[in-house]
Every structure is written in C-alpha cells, then in structure tokens.
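Have a look at the structure below before the remarks.
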Amino acid sequence: MDLKKIYQKLRERKTKKSNRPSTPSSDLESSIFPDNDHAESRIKPEEVSEDYRGILEKIKLRNSILYESIKELNEYQQKAIFTNNKKTLVSAMVGSGKTTVLVHKVLYLHFIKNIPLNKMAVLTFTNKAANEIKERIMTFYMQSNDSCAPDFSLFGTFHSVARNILANNHHLTKLGYTSNFTIMDENEKKEFYLRIADELYLNIKYRNKIDKRIERYIDNLSRAENKRVLYGNMKNEDDLKKLVEIGYERKKQNNVMDFDDLINNANLVLSYPENSFHPKWIVVDEFQDCNLMQIEMIMNMANDSTLIFAVGDPNQLIYTWRGSDLSIFYDFKLNECKEHHLPINYRSTSNILDVAKFLISYDTKELHGTRELGAPVSLINHYDSNQEARYLANSIKILNKEGVPFREIAILFRTKKQSQIFETVFEREGIPFEVTTRQTLQNIPSLHWLTQLLKACLNKQDLNSIYDAICNENYGIIEPSNVLLKKYKASVDKSDVRTELEKLIEWLSTNTNSGNDFLNFTTKMLQLEDWLENKTYAEIPNIFNYFELSTNLRPTSINYSKDVELVKKFLEEVSIYVQLNYDTDIKSSFLAAISEMSLGGHQIIGKTIDPNSEKVKLLTMHSAKGLEFRYVFISGANNGLIPLRYANMTAEQIEEEKRLFFVAMTRAKDYLEISYHTEPEGWNSYPEPSIYLDEIPKDLLKSKQVEKFIEEDIKSDNKTIDKVGQWYMGQFVKHPKYGTGTISKISKTNIVCDFEKFGEKSFAINFLPILPVEIV
DNA sequence: TTAGGGTAAGTTTTT
DNA sequence: CTTACCCTAA
C-alpha cells in the first residue's frame with residue numbers, strides 16, 4: 001500500500017470517525033508489521049532489566065494496539081526499543097527485523113514517551129526505506145484512534161532532511177544561497193561543469209570523465225597538487241582546479257546545490273552558534289553506511305538533550321566507495337554508547353545461515369537462526385555463463401511447474417554485464433524476468449524536462465535549468481545549440497540586476513528566431529510563481545493546462561500519450577507531497593516537492609520494477625541489499641569476479657567484497673545455489689572458485705558439476721568460422737570506397753576485411769558492400 | 001592538423 | 001584484454 005492510498009483512507013476515516021468500528025480491519029493488521037511472523041525464540045538476552053515487565057504493562061494501559069504489536073517481538077528487539085540511553089547503537093544481524101525495531105521505536109517514543117513526531121529526525125539513505133517507515137507508521141495511525149495525519153517533516157533521506165533544514169534556515173544567506181535554491185542531480189552537475197569549461201575556454205582533459213575527476217580531486221585534497229589533478233595519460237595539469245573553484249562560486253550565483261552540497265551546507269548552518277534547531281531524538285537507519293559528512297550532520301543536529309538511536313549492521317557495509325567506513329561505525333560505538341544486538345535471523349534456513357556464517361567478519365557468534373535445516377547449499381560448476389543460463393532456464397521452468405512463483409526466484413551477480421546472457425536465454429525460453437536498471441530522471445525525458453522547467457520558474461537564477469527548459473531538443477520552444485549559452489554569457493551586461501530568467505529570455509528573443517509561441521511560453525514561466533500564489537495543493541495538476549502541455553509535449557511524437565500520462569502522474573505526485581508536507585506557503589511547499597523529485601522521488605512515477613510481478617529477478621548483488629527471495633542463484637562466483645579484480649586493491653576492498661558475497665547469500669530464504677565457471681569470459685576472472693568459498697567447510701556445500709549442453713552455443717554468432725556462403729577466409733574482395741583487400745575474419749553475422757589502404761573494416765553479413773575479385 | 005604509440009582504467013550506484 | 005584518449009612527432 002502506498003502513502004497516497006493510506007492518506008486517502010486516513011482522510012476518509014476522519015470524516016466518518018464517529019461510527020468507526022473499534023477493532024482494526026484484519027488486512028491492515030497483517031500488513032503492518034510483516035517481519036514478525038516468527039517472534040517466539042529460545043534465545044534470551046543475558047540480562048533483562050527489572051522494570052522490563054513494567055514497561056510492557058504500561059504500554060498495555062497506554063496503547064493496547066501498540067502493546068499487541070510489541071509483545072510479539074523478541075526480547076532483544078524489545079530491549080532495544082525500551083532503552084532510554086543518550087546514545088544507542090543497535091547492531092542488527094542480517095534478517096533480524098531492524099526496520100521493525102526502528103518503526104516500533106518511533107511509535108514507542110511517540111505514543112508512550114509523548115515525543116511529538118516533528119521532534120524526531122528519522123534518517124535513512126534511500127527514499128524506499130524512508131517511505132517504508134512512513135507507511136508503517138501511517139498504517140499504525142489508521143489502526144489507532146489518532147485522527148490527525150502524522151507530521152513527517154524530519155523523516156526522510158539525509159539529503160531530503162538536509163534540504164528542508166537549509167530551506168527553512170535564516171542563516172542560509174550567509175552561505176551565499178537563498179531559500180528557493182534548487183538541486184542538480186549527478187547528470188546535471190556534470191553538464192554544469194562542462195558548460196563552465198566551454199564558456200570560459202578552460203583546458204579540460206578527459207571531459208567524459210569529468211565527474212570522476214572532480215570526485216577524485218576533492219577526495220585527494222590532502223595529496224600533492226599534481227597527483228590530484230592528473231588522470232589517465234596526462235603529463236601536465238589542466239584547468240581542473242580552476243574549474244572546481246569557479247564551479248563553487250557559480251553554484252552560489254545560480255543558487256543551486258548538488259547532492260554533497262546539501263549535506264555540507266546543512267552542516268555549516270547547523271554548526272552556527274545561533275542555530276537553535278535540535279530534534280529531541282535522532283533515529284538513523286543503515287547506520288553502517290554513514291560517511292563522515294553524515295555523521296557530522298547527526299552530531300550537528302544533536303544538542304545536549306538530544307538522544308540518538310542508530311541501527312546498523314557492519315556485516316552489510318558494501319558502500320565504502322561512497323565514503324562510509326567501518327571505523328566510523330566503531331568510533332561511534334566506543335564513544336559513550338550503549339550497544340544492543342539483534343542476533344536472531346528470521347529469514348533463512350539453518351543450512352543457509354551455517355554457510356553464510358563463515359563469511360561473517362564481525363560478531364560471529366551473534367547470528368542465530370530460527371528456522372528448520374532446509375535444503376543444503378549447492379556449489380555448482382558450469383562450463384561458462386551461457387551454459388549456466390540454459391541450465392537455470394531449465395531449473396526455473398521445473399521449479400515453476402512445481403509451484404514456485406517466478407517472483408520468488410532471483411539470480412544475483414557481481415556486475416551488470418553478467419545479466420545480458422540471462423536476458424537473452426530467458427527471452428528465448430519464454431521465462432518472464434525483470435532487470436533492475438538504474439533509473440534517473442534523464443531516463444524519462446519528459447519528466448526531466450518538466451522538472452527543469454519548474455526549477456527554472458521557481459529559482460530564476462538557475463541558468464542551466466532555464467536554458468534546458470527553453471532549449472530542449474524534444475520539448476523546448478527553441479532548438480538547442482552548444483553555442484547559445486556561451487554567446488549569451490559573453491554578451492550579458494554584468495551590471496544588469498535582473499534575474500537570469502529575465503535576461504536569457506530577452507536575449508533569446510533578440511538573438512534567435514523566436515515567435516509568438518516563445519513569448520507565450522516564457523511569459524508563463526515568468527508568471528508561474530504569481531499563478532501559484534493563491535492556489536491549493538489540489539490545483540497543482542492544473543499546471544498541465546497552465547503550460548498548455550497538451551500542445552507543448554509535442555502531440556505528433558510517438559511518446560505523446562505516454563508523456564501525457566507521466567507528466568500528469570508527476571503533477572499528481574507533487575500535489576500529494578504538498579498536501580502531506582505543507583509548511584509555510586504554497587510556493588515553498590511546491591519547491592520542496594520538486595526538490596524531492598530531484599532527489600530520486602521520480603522513481604515512484606517512472607518505476608518499472610514491481611517486486612510482486614510474476615517475474616524472475618535479475619539483480620546485481622548491490623541492488624539486492626534489503627530484499628529477500630525464496631530461491632537465490634548466485635552466478636559467477638569465480639576468483640576475479642568475487643572479489644572483483646581491479647588495480648591496486650586494498651585489503652579493505654577485499655573485505656568489502658566478502659561482505660557483498662555475504663549479503664548476496666543471505667538474500668535466500670529457502671534455497672541457495674552458488675555457481676562458478678570453468679571458462680569464464682571476463683578478462684579479469686580466473687577459471688577457479690572464489691577464495692571466499694575456501695573458507696566454507698566442504699561438507700556444508702553440495703558440490704556438483706553440470707554436464708555441458710551439446711546444443712548449438714548461443715554465442716556462436718560471434719565465433720569465427722572459415723566459410724559462409726560464397727565467402728571464405730583470405731578471399732580477395734573489392735569495396736567501392738576502400739578498394740581491394742582480403743577477408744580476415746568470418747562469423748555468422750559479420751565479415752571483416754583487411755583493405756590495403758584502409759585496414760580492417762567489419763560488415764554485417766546481410767548488407768555486404770563488397771564484391772569478390774576474380775584472380776586471373 | 002593528423003596518425004600512431006603508449007598507457008591508465010575498467011565495478012558497485014542509496015542521493 | 002579492450003577502450004579511450006593523451007601526447008608527441010611529423
């Protein structure tokens with residue numbers, strides 16, 4: 001159930017509150033705390049505080065619904081919820097119900113300890129996690145008698161909460177920003193820097209790698225000057241340093257922030273001595289993933305009377321490349337912190353846990369299973385990934401016939417590339433599947449354009465959004481060109497104090513052939529803020545008509561109906577966000593909603609992955625984190641792939657790959673199968689099983705070698721052959737442009753010719769522009 | 001300006 | 001191993 005539906009139900013109930021039945025409906029009850037079906041446990045925490053029973057009794061009197069829910073939890077979970085320590089770290093083992101504990105902690109603090117929800121900051125890393133927490137709390141609100149909608153203003157991702165802190169902080173101007181700043185995502189950031197480089201004729205090498213270079217530059221600020229700037233084959237420094245410095249100033253001029261700026265700037269305003277923003281409680285999810293900036297944000301939000309409750313699992317730390325580090329986790333733990341454990345895993349069979357245990361690096365003794373022995377874990381040796389894909393297609397068909405739904409089956413691998421062969425084979429074999437692809441706003445051009453348009457209207461200094469809104473190749477009113485911005489910037493009068501929006505519109509109207517449509521559209525842009533003035537959330541979808549999107553979305557385009565649908569859904573979503581998170585006025589609430597979309601909220605609209613769809617899931621190990629499946633197949637556990645081999649690997653990175661393998665294994669509920677290949681295709685993978693498999697005792701794994709399929713190999717399309725049709729190796733041929741040459745390579749789909757003057761050229765076999773040459 | 005030699009980098013992707 | 005692209009030599 002999504003937030004919108006819950007909210008609608010909540011509203012419905014509000015209106016007919018008087019004759020509402022006192023018992024909650026059963027469908028709600030079962031959906032509220034899904035992790036709790038195996039609550040009873042033989043394992044007990046060593047010490048149980050004296051007033052422990054008392055607390056439960058107290059809850060029973062205060063809120064019987066919460067009591068019913070909490071009494072189902074195990075004692076470790078209850079202890080973590082009842083703790084009132086200033087700093088608490090809950091080390092949660094994999095599959096031990098940490099989100100359940102987190103949600104109950106919030107409910108306990110609110111309903112029993114009377115902490116208002118808006119005095120609690122609940123910080124997560126993903127929108128998905130934030131939404132799940134909000135949904136569960138909403139559902140609880142619906143069950144209990146509370147009639148008002150909960151205030152989630154400090155619930156959200158670090159970035160989203162940071163944005164809201166900044167937008168509402170009086171000291172923001174000290175940083176050179178105003179409260180209507182907009183957010184640029186990673187792609188927009190790259191464009192932002194490249195445009196500066198273009199405009200100022202900066203010498204920038206490896207332009208396509210500019211994002212990586214800037215990141216590396218900032219990470220290496222402590223290193224020697226030229227070490228930070230050089231990349232690849234560069235011998236001399238380029239203007240990277242200058243670019244970063246100008247970028248820093250330009251972001252302020254344009255009133256835009258990138259993702260990192262949100263956290264960094266929030267830290268700056270929070271650490272001002274006059275800052276008075278301090279939540280009563282700070283609750284952190286996936287604490288092990290925090291980097292230093294995020295820890296700093298937690299600490300800056302806290303004051304002497306703030307209590308911190310963090311939940312995390314060091315064994316699932318797989319994002320150190322985003323700046324998190326085990327030392328952060330342990331430093332926090334050592335510093336006057338009460339530690340709790342959640343050692344009981346409800347997810348996997350004992351066989352699976354027994355194997356996974358050998359890969360655990362921290363708190364080894366603390367993982368306890370609750371389930372039956374189950375099927376043994378298999379280690380299977382395939383010839384290569386193609387053979388494996390055929391084998392799995394077969395196995396999955398059999399499983400499905402036996403009644404296992406496709407959605408309960410997942411195939412996990414280390415790199416995205418590995419999914420291709422499964423897609424090809426499953427497609428051919430008619431097995432329904434879905435691949436998790438990274439969704440960015442750029443993947444949905446109409447929504448990307450719309451966000452840029454709305455950003456441009458609300459932040460009239462955001463030159464990049466303004467330009468992209470007006471000069472978009474699909475939906476813009478003016479044809480984009482890579483010199484327009486440069487020319488505009490060069491000719492603009494520095495003493496002109498008007499906004500960039502006004503200036504660029506005027507400039508474009510005189511320097512391009514713009515017609516009435518342009519005038520009409522840009523006037524609408526300038527006036528959107530005024531239009532919004534006296535509107536309510538319910539009128540936000542009217543923006544569709546305001547901008548005449550039925551014509552501006554290009555009705556002749558093949559994407560038109562889809563675009564209209566997406567845009568309407570987007571505006572609807574914005575409307576709901578404004579309704580749920582209304583703060584001071586419609587304008588700032590609207591901007592908050594648009595910012596939320598920049599922070600990945602669009603995934604709600606554009607998402608193609610439905611966890612409940614009847615499809616086999618093909619996932620990278622990273623994207624499988626947090627998910628679970630009855631049947632899990634880990635593909636390609638070869639050395640070099642797990643751990644993935646690349647230059648200068650550190651011991652820490654080898655450890656992280658191990659944790660990743662652990663995460664992959666523990667996704668399985670009932671059945672786990674691990675494979676490696678005799679002849680792996682990647683340049684970096686060796687024909688031997690992963691080193692991590694050596695750490696697992698042989699008798700815990702059921703080893704098997706799969707016979708090679710003798711059917712025609714699917715990759716034979718690319719294999720070289722000697723002859724096809726009239727063509728043979730070494731044959732003399734003639735090409736109208738390249739002249740004469742000889743055939744140097746033949747495959748089922750292509751012929752490669754080596755021309756005397758032009759070297760090797762490849763041609764598709766169905767469209768050969770060459771002729772045979774008769775040798776006399 | 002162009003051709004060809006030389007060499008680092010390559011993965012994962014919460015926002 | 002392949003790719004991208006810097007760098008240098010004409």
Side-chain angles (χ1 to χ4, degrees), chain A residues 123-132 156-163 183-189 203-213 215-216 229-238 257-264 266 284-291 293-294 297 312 316-324 412-419 436-441 443 595-603 619-627 636 640-649 653-654 656-657 659-661 663-664 680-686 758-759:
Chain A
L123 303 170
T124 66
F125 283 86
T126 64
N127 288 304
K128 201 179 148 204
N131 285 329
E132 191 189 336
T157 61
F158 278 90
H159 292 86
S160 150
V161 171
R163 193 218 83 96
I183 299 168
M184 49 184 184
D185 65 26
E186 297 292 274
N187 291 300
E188 289 166 339
K189 180 169 120 185
N203 171 27
I204 298 291
K205 311 281 186 200
Y206 286 100
R207 285 173 59 96
N208 286 336
K209 296 267 193 285
I210 191 68
D211 40 357
K212 190 143 266 181
R213 289 194 62 201
E215 193 190 322
R216 194 182 281 194
V229 181
L230 296 184
Y231 183 93
N233 293 337
M234 289 167 65
K235 273 224 169 96
N236 306 306
E237 291 184 22
D238 60 2
M257 293 190 201
D258 63 31
F259 291 157
D260 283 350
D261 293 332
L262 290 170
I263 309 279
N264 286 330
V284 188
D285 189 23
E286 302 277 17
F287 184 73
Q288 79 283 355
D289 285 336
C290 282
N291 63 24
M293 283 155 52
Q294 284 148 346
M297 183 168 147
Q316 292 191 70
L317 177 47
I318 55 173
Y319 284 103
T320 55
W321 45 280
R322 305 286 271 207
S324 56
L412 309 184
F413 30 75
R414 179 61 182 81
T415 64
K416 270 187 296 193
K417 233 195 272 174
Q418 290 170 263
S419 96
T436 44
T437 44
R438 207 159 92 92
Q439 280 279 353
T440 67
L441 259 181
N443 297 138
S595 299
E596 204 61 26
M597 292 297 177
S598 296
L599 290 173
H602 65 280
Q603 285 167 10
L619 304 162
T620 62
M621 295 180 178
H622 281 90
S623 52
K625 189 181 170 201
L627 305 175
L641 214 44
I642 306 174
L644 189 67
R645 184 165 66 102
Y646 44 94
N648 316 320
M649 260 193 113
Q653 284 168 318
I654 304 240
E656 172 145 338
E657 295 282 315
R659 293 192 292 265
L660 184 58
F661 198 24
V663 167
E681 35 278 289
W683 61 272
N684 47 2
S685 70
Y686 299 101
F758 292 86

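Hydrogens, waters and symmetry mates are skipped; everything else that's a heavy atom, side chains included, is used. Here the structure is a predicted model, which is why all the values come from computation and not from measurement.
- You'll find that the side chain of A:Met234 is closest to C:dC7, out of B:dT15, B:dT7, C:dC7.
- By the 5.5 angstrom centroid cut-off and the 30-degree plane limit, A:Tyr646 is classified as not stacked against the base of B:dT11.
- The side chain of A:Trp683 lies closest to B:dG10 when the candidates are B:dG10, B:dT15, C:dC6.
- A:Asp185 comes within 4.0 angstrom of nothing in the nucleic acid, heavy atoms only.
- The side chain of A:Lys235 lies closest to C:dT8 when the candidates are B:dT11, B:dG6, C:dT8.
- OP1 or OP2 of C:dC7 lies within a sub-4.0 Å distance of a side-chain N or O belonging to A:Lys205.
- Distances shown here put every side-chain N or O of A:Gln294 at or beyond 4.0 Å from the OP1 or OP2 atom of B:dT14.
- If you check every strand for non-hydrogen atoms under 4.0 Å, A:Leu599 touches sugar and phosphate atoms only.
- Nearest nucleotide to the A:Asn233 side chain, out of B:dT13, B:dT15, C:dC5: C:dC5.
- Comparing the same atom, P, in C:dT2 and in B:dT13 gives a spacing of 25 Å after rounding to whole Å.
- Between the side chain of A:Arg322 and the base of B:dT15, at least one donor-acceptor pair of N or O atoms lies under 3.5 Å.
- Stacking is not found between A:Tyr206 and the pyrimidine-like six-membered ring of the B:dA9 base under the 5.5 Å centre-distance and 30° plane-angle cut-offs.
- Across all strands shown, A:Gly232 has heavy atoms under 4.0 Å from sugar-phosphate atoms exclusively, and none from any base.
- When the side-chain nitrogen and oxygen atoms of A:Asn684 are compared with OP1 and OP2 of C:dC1, none of them lie within a distance under 4.0 Å.
- Side-chain N/O atoms of A:Arg438 and base N/O atoms of B:dT13 include no donor-acceptor pair closer than 3.5 Å.
- At distances below 3.5 Å, at least one donor-acceptor pair connects side-chain atoms of A:Arg645 with backbone N or O atoms of A:Asn684.
- Between A:Arg216 and the phosphate of B:dA9, there is a side-chain N or O to OP1/OP2 separation shorter than 4.0 Å.
- No contact: A:Phe158 has no heavy atom under 4.0 Å from any strand.
- Checking the phosphate oxygens (OP1, OP2) of B:dT15, no side-chain nitrogen or oxygen of A:Ser598 falls inside 4.0 Å.
- Side-chain proximity of A:Thr415 to B:dT14, B:dT12, B:dT15: nearest is B:dT12.
- When the side-chain nitrogen and oxygen atoms of A:Ser623 are compared with OP1 and OP2 of B:dT13, one or more of them lie within a distance under 4.0 Å.
- Contact annotation: A:Asn127 side-chain N/O to B:dT15 OP1/OP2 distance is under 4.0 Å.
- Distances shown here put a side-chain N or O of A:Lys212 below 4.0 Å from the OP1 or OP2 atom of B:dG10.
- Heavy-atom neighbours of A:Tyr686 OH from other residues, nucleotides or ligands within 6.0 Å: at or below the threshold of 12.
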